[in-house]
Amino acid sequence: MANYYYSKNPDVVHDQQEWNFTLRGQAMTFVTDNGVFSKRTVDFGTRTLLDTFSFTDLPVGPLLDVGAGYGPIGLTLAKEQPQRQVDLVDVNELALSLARENATRNQITNVKIFSSDQYAAVTGQYAAILTNPPIRAGKSVVHGILSGAHAHLVPNGVLTVVIQKKQGAPSAQQKMEEVFGNVAVLAKNKGYFILQSRRLAN
Ligand SMILES: C[S@@+](CC[C@H](N)C(=O)[O-])C[C@H]1O[C@@H](n2cnc3c(N)ncnc32)[C@H](O)[C@@H]1O
């Protein structure tokens, strides 16, 4: 396979891998590499988020995956709903390259994949924002992603987050309640919490 992204991340010792994984009943193929989150398999939290997320009661509009990595969340939802646009953002250029390659390999064309520090390069509003947030980037980044979602959701749009209890689920839940005036715990599985807030219509 072509080493199409080497020049963007010259410091990474590459260990490119390709594997398959079924997500929401769809067979997906992913290429991953050193330097991206959960390169050997789909992260358990990501799987739990995807298993829990529902399109029921979602307004019309695009989706946004913040901290998309190699793309498992955004690409799976884009494949399921080819009529919706799905945007994927990350700060890691290697992750963005892999996400673009994975879109191609899974024949997904309804995506826009671009670099953005949180919402810095994001314009417009979304029916849903999903995130498995970058815990390693620190609480201020994680909480920035949670707070910043409000302005980027259409009325009745939802923010859905996976976060482990030991990595700050209680404070994330508190932040979401503060920003949105509501938060629901949609699922709890092996210490992973799926939290959801809705942007109220008025
Ligand atoms: C926990 S990983 C999740 C990756 C992918 N969504 C998944 O489920 O496998 C978090 C991602 O957030 C990205 N990230 C870190 N800081 C960020 C920031 N300030 N803005 C956007 N993304 C960021 C990381 O590069 C990483 O890919």
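Both counts, for ligands and for their atoms, begin at 1 and track the order of listing. None of the values given here were measured: they were computed from a predicted structure.
- Distance alone, capped at 3.5 Å, places no donor-acceptor pair between the D33 side chain and the H14 backbone.
- Of all the heavy atoms in N92 and D90, the pair that sits closest is N-OD1, 2.9 Å.
- Ligand-side atoms of ligand 1 in range of P133: 1 (C), range being under 4.0 angstrom from any heavy atom.
- A salt bridge does not link D57 to R198: none of the charged side-chain nitrogens sits closer than 4.0 Å to a carboxylate oxygen.
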As a quick check of understanding, evaluate side-chain contact (heavy atoms from CB on, under 4.5 Å) for Q81 and Q83, giving each step before the final call.
CA-CA 5 Å; Q81 294 229 327; Q83 77 286 5; 3.4 Å; yes
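- In this structure, the side chain of Q173 does not engage the main chain of L195 through any donor-acceptor pair within 3.5 Å.
- When all heavy atoms of A121 and F114 are compared, the closest pair comes out as O-CE1, 3.4 Å.
- On a distance-only criterion, A68 and ligand 1 share at least one N/O pair closer than 3.5 Å.
- Proximity of a side-chain donor or acceptor of T160 to a complementary backbone N or O of Q196 within less than 3.5 Å is not detected.
- Numbered from 1 in the order shown, with element, the atoms of ligand 1 that lie under 4.0 Å from a heavy atom of V141 read 19 (N).
- Among all protein heavy atoms, the one lying closest to atom 10 (C) of ligand 1 is N132 O, 3.4 Å.
- Of the candidates G67, S140, G138, G35, the one placing a heavy atom closest to atom 11 (C) of ligand 1 is G67.
- Those atoms of ligand 1 that come under 4.0 Å of a heavy atom in T46, given as number and element, are 7 (C), 8 (O), 9 (O).
- Where the criterion is an N or O separation shorter than 3.5 Å, residue side chain and backbone included, D43 fails it with respect to ligand 1.
- Atoms of ligand 1 lying under 4.0 Å from at least one heavy atom of N92, given by number and element, are 25 (O).
- What you find for A103 and V111 is that their closest heavy atoms are CB-CG2, 3.9 Å.
- Looking at S38 next to ligand 1, no N or O pair under 3.5 Å apart turns up.
- Nearest protein neighbour of atom 27 (O) of ligand 1, counting heavy atoms only, is D90 OD2, 2.7 Å.
- Using cut-offs of 30° and 60° on the angle between ring planes, the pair Y70 and F30 is perpendicular.
- With hydrophobic clusters built from ILVMFWY side chains whose heavy atoms lie under 4.5 angstrom apart, F21 shares a cluster with I108.
- Close approach of ligand 1 to P72 (heavy-atom distance below 4.0 Å) involves ligand atoms 7 (C), 8 (O), 9 (O).
- For ligand 1 and F37, the ligand atoms under 4.0 Å from any heavy atom of the residue are 1 (C), 2 (S), 3 (C), 4 (C), 7 (C), 9 (O).
- Remark: ligand 1 and Q118 share an N or O pair separated by less than 3.5 Å (distance only, no angle test).
- Residue contact annotation: S116 has a non-hydrogen atom under 4.0 Å from ligand 1.
- Given atom 23 (C) of ligand 1, the protein heavy atom at minimum distance is V91 CG2, 3.7 Å.
- The shortest separation from a heavy atom of V89 to ligand 1 is not under 4.0 Å, leaving the residue out of contact.
- Checked against a 3.5 angstrom limit, the closest N/O atoms of D117 and ligand 1 fall inside it.
- In this structure, the protein non-hydrogen atom closest to atom 15 (C) of ligand 1 is P134 CB, 3.3 Å.
- Residues N102 and V31 meet the side-chain proximity criterion, which asks for heavy atoms closer than 4.5 Å.
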